[in-house]
There are 2 protein chains.
Amino acid sequence: MLHLNIDCIFAPVMSNTRFATAIHILTLLTVSPGEYLSSEWIASSIGINPVIVRKELSMLHEAKLVFTRKGKDGGSTLNKPATEIFLADIYIAVKNSEVLGKKNQCPNPLCPIGKRINEKLENLFSETDRVVINFLKDKTLAEFASQFH
Amino acid sequence: MLHLNIDCIFAPVMSNTRFATAIHILTLLTVSPGEYLSSEWIASSIGINPVIVRKELSMLHEAKLVFTRKGKDGGSTLNKPATEIFLADIYIAVKNSEVLGKKNQCPNPLCPIGKRINEKLENLFSETDRVVINFLKDKTLAEFASQFH
DNA sequence: AATAAATGTAATAAGTTTTGTTACATTTAA
DNA sequence: TTAAATGTAACAAAACTTATTACATTTATT
């Protein structure tokens, strides 16, 4: 079963879509148990470039969430049951920044606030991240994917 | 469980320094009660350009968190006690309203997953956003600033 | 009234991050 | 041997963030 390519009619306003991409990939794998889906097929469902999918799959492989087979009839499949994959795993696998963003790089060390702001922000930022991860750690990929039945 | 939220201000990652800048500004105002700090002075503490500070102050003014005086000896001060400003207020104030989320823009409507993924992500993103706001809504600016004593 | 010092904001440049594309070596089934 | 797939490097394009310049406006002070 192949998807047709659909041209996007919306204005190109996009920033980081890595979580959306990752969970889309994993949802497709979940609803196709035992099948090896190709990056091109996955890409046509998401509406992005197959190379981006392969890069994301590479991350998900590092996180041991998927298994990928090379060569003819190759593709990817889940590396464990969807009931054992948590949204926090996905979040951690793809995240490259904290929920509250980045710190300024050069606060003034001569200012009492500037001198210590980043250490305080580090605490706040990582606490906030922990809250998010805690929320996502009880939600399974299986649950998420079951919404599409 | 489905949610009715249309507006989504959560993104899996925030890759800018706006929250860090805003809380830095507000912390300086907190530890200088009654004083009007200039954008240039604030900028030199943060280590960024004064125009960026003024733009951020403009956002914080819209959120009614600061009061700004123009002209000579002008500058900004808190618009209410730091005990009544919550980190959630700051978080909400600095969100970029044009980016409601970071979903892929053109998932394939011919794919059962692609067709509905964004509505499901919308729910997940706004739920997660609520968790973050809930965490930040009990933390006051006063508390944060008191760490610098 | 003149001056100095500040904000507000538009326009634009520069820098950074994210996504897309091309190309091709490698892998694997048939 | 061939076809179809991954892996990944190198580069291009697009989007986003931050910095800079410029200047009109505002306001206290002399």
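What you are looking at is a predicted structure, and each value in this text was computed from that prediction instead of being measured. Atoms considered below: every heavy atom in the structure, side chains included; atoms not considered: hydrogens, waters and symmetry mates.
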I need the [atom1]-[atom2] distance between [X] and [N], as an integer number of Å.
X: His24(B); N: dT18(D); atom1: NE2; atom2: P; result: 15 Å
X: Lys103(A); N: dT16(C); atom1: NZ; atom2: P; result: 18 Å
X: Ile42(B); N: dT7(C); atom1: CD1; atom2: P; result: 8 Å
X: Leu57(B); N: dA6(C); atom1: CG; atom2: C1'; result: 12 Å
X: Arg18(B); N: dT17(C); atom1: CZ; atom2: P; result: 18 Å
X: Asn104(A); N: dT18(D); atom1: CG; atom2: P; result: 8 Å
X: Glu56(A); N: dG7(D); atom1: CD; atom2: C1'; result: 15 Å
X: Met59(B); N: dT7(C); atom1: CE; atom2: C1'; result: 15 Å

Exercise. Give Ser76(A) one of three labels, base, sugar-phosphate or nothing, depending on what nucleic acid heavy atoms sit under 4.0 Å from its own.
Key: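 Since no nucleic acid heavy atom lies under 4.0 Å of Ser76(A), the category is nothing.
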
Self-check item: Contact pattern, 5' to 3', of nucleotides 21-30 of chain C - B, S or - by protein heavy atom under 4.0 Å
Solution: BBB---BBB-

Practice problem: Grab the two heavy atoms, one from Leu110(A) and one from Asn108(A), that are nearest each other, plus how far apart they are. | Solution: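 Heavy atoms of Leu110(A) and Asn108(A) come nearest at N-OD1, 2.8 Å.
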
Quiz item: Salt bridge or not for Arg130(A) and Glu98(A), using N-O below 4.0 Å?
Solution: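 No, this pair does not count.
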
Practice problem: Please name the residue in the list Arg18(A), His24(A), His61(A) that meets the side chain to side chain contact (heavy atoms under 4.5 Å, CB included) test with Glu56(A). | Solution: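 Looking at Arg18(A), His24(A), His61(A), the match for Glu56(A) under the side chain to side chain contact (heavy atoms under 4.5 Å, CB included) is Arg18(A).
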
Exercise. Examine dT19(C): is either OP1 or OP2 under 4.0 Å from a nitrogen or oxygen in the side chain of Thr17(A)? Give yes or no.
Key: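 Answer is yes, contact under 4.0 Å.
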
Quiz item: Below 4.0 angstrom from OP1 or OP2 of dT7(C), is there any side-chain N or O of Ser39(B)?
Solution: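 It does, given that an N or O in the side chain of Ser39(B) lies less than 4.0 Å from OP1 or OP2 of dT7(C).
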
Exercise. For Asp89(B), enumerate each residue passing the side chain to side chain donor-acceptor pair (under 3.5 Å) test, keeping only those at least two apart in sequence or located in another chain.
Key: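 Once residues adjacent in sequence are excluded, Asp89(B) has no partner under the side chain to side chain donor-acceptor pair (under 3.5 Å) criterion.
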
Practice problem: Could you list the residues that satisfy side-chain contact (heavy atoms from CB on, under 4.5 Å) with Asn134(B), not counting sequence neighbours? | Solution: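 With neighbours one apart ignored, the set is Lys137(B).
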
Practice problem: Establish, from distance only, whether the side-chain atoms of Thr140(B) and Thr83(B) form a donor-acceptor pair under 3.5 Å. | Solution: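 Side-chain D/A pair, Thr140(B) to Thr83(B): absent.
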
Quiz item: About how many Å separate CD1 of Ile46(B) and OG1 of Thr17(B), when rounded to the nearest 0.5 Å?
Solution: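 Rounded to the nearest 0.5 Å, the OG1-CD1 separation comes out at 9.0 Å.
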
